[in-house]
Amino acid sequence: MNKLQIRTLEQYYEKYAQSVSDPEAFWEDVANEFRWMKRWDKVLEWNFTEPSIRWFKGATLNITENMLDRHVSIRGDKQALIWEPNDPHGKTVSYSYSELLDAVCVFANTLKSQGVKKGDRVCIYMPMIPELAIAVMACARIGAIHSVVFAGFSANALADRIEDAQAKLIITADGLNRGAKQIPLKRVVDEALEHVSCVERVIVFDCLGWQPAMKTGRDIWWQDAVEGESKVCEAEPMDAEDPLFILYTSGSTGKPKGVVHTCGGYMVYTAYSFLNVYQYEEKDVFWCTADIGWITGHSYIVYGPLLCGATTVMFEGIPTYPDAGRFWEVIDKYGVNQFLTAPTAIRSLMAFGEDHVLSYSLNSLKIIGTVGEPINEEAWNWYHLHVGKGRCPVVDNWWQTETGGIMISGIGDISPLKPTFAGYPLPGIQPVLLNQEGREIEGADEEGYLCVKFPWPSILRTTYGDHERCRVTYFSHYDGYYFTGDGAKRDENGMYRIIGRVDDVINVSGHRFGTAEIENAINMSNLVIESAVVGYPHPVKGQSIYAFVVCEQEVPEDKQIQARGEIVETVVAEIGKIAVPEKIQFVSGLPKTRSGKIMRRILRKIAEGDTSNLGDTSTLLDPFVVDEIVENAL
Ligand code: WTA
């Protein structure tokens, strides 16, 4: 694998040029470093019209063979996974590559015994414990398609995802630890299952000793189910284009959609990007603080690092428990060399002052990364100075659930640093900026819609059960391009700065929500007739949610707290706490065009507190409503 590592900026330019002039030869070289059961007949076949994208056509492989078996003979005793519990005095758990292979095989056999077959969908709703990673890999081992649902989603949100994927089995736990709190999971699953009929089995990991109700014939304890299962489980041969997993993500319209990634391309790209962006060396310890419920956790806690034979750290807790020094304590405890977290975590820790970070040496760190949302200059500088001690490069990783792996980023200590700029495209990635008319913008210092004009191995293949939705969402805006939904700027050296979403997607603490999705949730409240949701800048979360709500009856001052409470409760039930609006303003109407379209541009300005120039409001159905909204703005 080391052969794949770029070591200098010159090498980067050289590899990049090669990847553009002959992409097939470039990716064939990369793919040659993996273990395939059968080689491909063709490296790439594609069009962005249908779209139809096939990498390594005709090849078969199993990704877990590349993550585990392949390493066992050369680094079997090396630590593969280190787990740090929520409680700082709790017991660390670690798995060597050999132990992890055994554990994955035991659980893979368990899934088979519970009736799971290749191609079946398995929903995973788990705490951040090693068994979550094991469950993911056990699915991949037998060719079941995993759909991990973040454990902060509500029963209704979980039910939607189970139903959409027609999952046959669910893996969960009694509950989870989160800082000083414990949160039920099995109870949420039970509630979700009242609305869906496809689930035959629920495997429950006993995490907290809570003894939740178990439904006879459906529910089984993990600890009982694995009893007597063998440590040997042949890896299922998978076509390179067989689905590996589904991960639900929000867009600007409708319900969240299931982004589908496939076995071969995802393997090649997550490993390649991990190895290069983090310049991973054999003895390094890598830690990504994301949750495996999001794409970052999939690609850079589980798949990327293990494919490269790395030691990956998994953390059950939160950055502020028991205090704001927890991240730094864990870095010193395990001698972490590469660290990856989110801007929102950095900003929330900044607010606690420098003392927490200054009391740790952080000597082991070599490269520190950020991901999930744009990072502001102040947070970038704090991270670089206090965590990186001014000597570690900050790599800002721009990518998406749909891209599978990091697309634009600093490359280890090789590429130049420029605060707030994500950096260069990785080899194989061909980004462009388009103007309104869909023409490529060539010059420097220009802004445009960020698109990609050539496929890379881990591009999404479809949205589960609805290919047309995939085409319309990503490939129909600009003919021949993958549309990211982000706006970006490019400087004279070709470095990219991501400005943010240009569609109706809000990024709260690095979590994506569609405005329509939150509005639908709010509208479920009995009080509400209609609502409009926009994002506005927030000092810690990046963006926060502002809801303008029209109720059946006018809500008097003294009833507003109660009414807000009811709306919040509805959002918690429909999506989860993470989607609760920070501000809810009751309004008598929404600014709409004569054709009934909500003018979000105006609402966004009001939410931002920028009411000096709201633009032309004369075309609105009821221009006076704007005055009222401005007057009562929160
Ligand atoms: C945003 C997370 C600026 C962007 C990996 C993108 C970023 C969306 C960055 C994808 C970054 C992600 N700088 N913005 N480094 N990384 N984004 O699917 O708007 O949860 O489209 O994937 O987050 O979010 P997702």
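One-based numbering, in listed order, for ligands and for the atoms of each. Owing to the predicted nature of the structure, the values given are computational and were not obtained by experimental measurement.
Contacts with ligand 1 closer than 4.0 Å are made by heavy atoms of both the backbone and the side chain of Gln400. Counting heavy atoms closer than 4.0 Å to ligand 1, residue Asn507 contributes side-chain atoms (C-beta onward) but none from N, CA, C or O. Only side-chain heavy atoms of Ile498 come within less than 4.0 Å of ligand 1; its backbone N, CA, C and O stay farther off.
For ligand 1, the polar-atom distance check finds an N/O of Asp396 within less than 3.5 Å of one of the ligand's N/O atoms. At least one N or O atom of Gly372, backbone or side chain, sits closer than 3.5 Å to an N or O atom of ligand 1. Polar contact check, Asp486 against ligand 1: a nitrogen or oxygen pair lies under 3.5 Å apart. Residue Thr370 has no nitrogen or oxygen atom sitting less than 3.5 Å from a nitrogen or oxygen atom of ligand 1, judged on distance alone.
Between Phe274 and Phe286, the distance from one ring center to the other falls under 6.0 angstrom. Separation of the Trp399 and Tyr269 ring centroids does not fall under the 6.0 Å cut-off. Checked against the 6.0 Å centroid threshold, Phe548 and Tyr546 count as a close aromatic pair. Checked against the 6.0 Å centroid criterion, the rings of Phe153 and Tyr248 do not qualify as a close aromatic pair.
For ligand 1, the atoms lying closer than 4.0 Å to a non-hydrogen atom of Pro374 are 3 (C), 13 (N), 14 (N). Heavy-atom contacts of Arg501 reach the following atoms of ligand 1: 6 (C), 19 (O), 21 (O) (cutoff under 4.0 Å). Short contacts between ligand 1 and Thr296, defined as distances under 4.0 Å to a heavy atom of the residue, involve ligand atoms 5 (C).
With sequence neighbours excluded, the residues that form a salt bridge (Lys or Arg N to Asp or Glu O under 4.0 Å) with Lys255 are Asp160.
In summary, the side chains of Tyr464 and Gln166 do not present any donor paired with an acceptor at a separation below 3.5 Å, with no hydrogens or angles considered. Between the side chains of Tyr536 and Asp610, no donor-acceptor pair of N or O atoms lies under 3.5 Å.
Ranking protein heavy atoms by distance to atom 18 (O) of ligand 1, first place goes to Thr401 OG1, 2.5 Å. The protein heavy-atom contact nearest to atom 10 (C) of ligand 1 is Trp399 O, 3.6 Å. From the protein, the heavy atom lying nearest to atom 24 (O) of ligand 1 is Arg512 CD, 3.1 Å.
Heavy-atom separations between Ala422 and ligand 1 are all 4.0 Å or longer.
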Validation: residues 451-458 side-chain donor-acceptor distances under 3.5 Å, sequence neighbours left out:
residue : atom : partner : partner atom : Å
Trp456  : NE1  : Thr403  : O            : 3.0
Ser458  : OG   : Thr403  : O            : 2.7

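The residues Asp504 and Arg604 are annotated as salt-bridged, a charged nitrogen and a carboxylate oxygen being separated by less than 4.0 angstrom.
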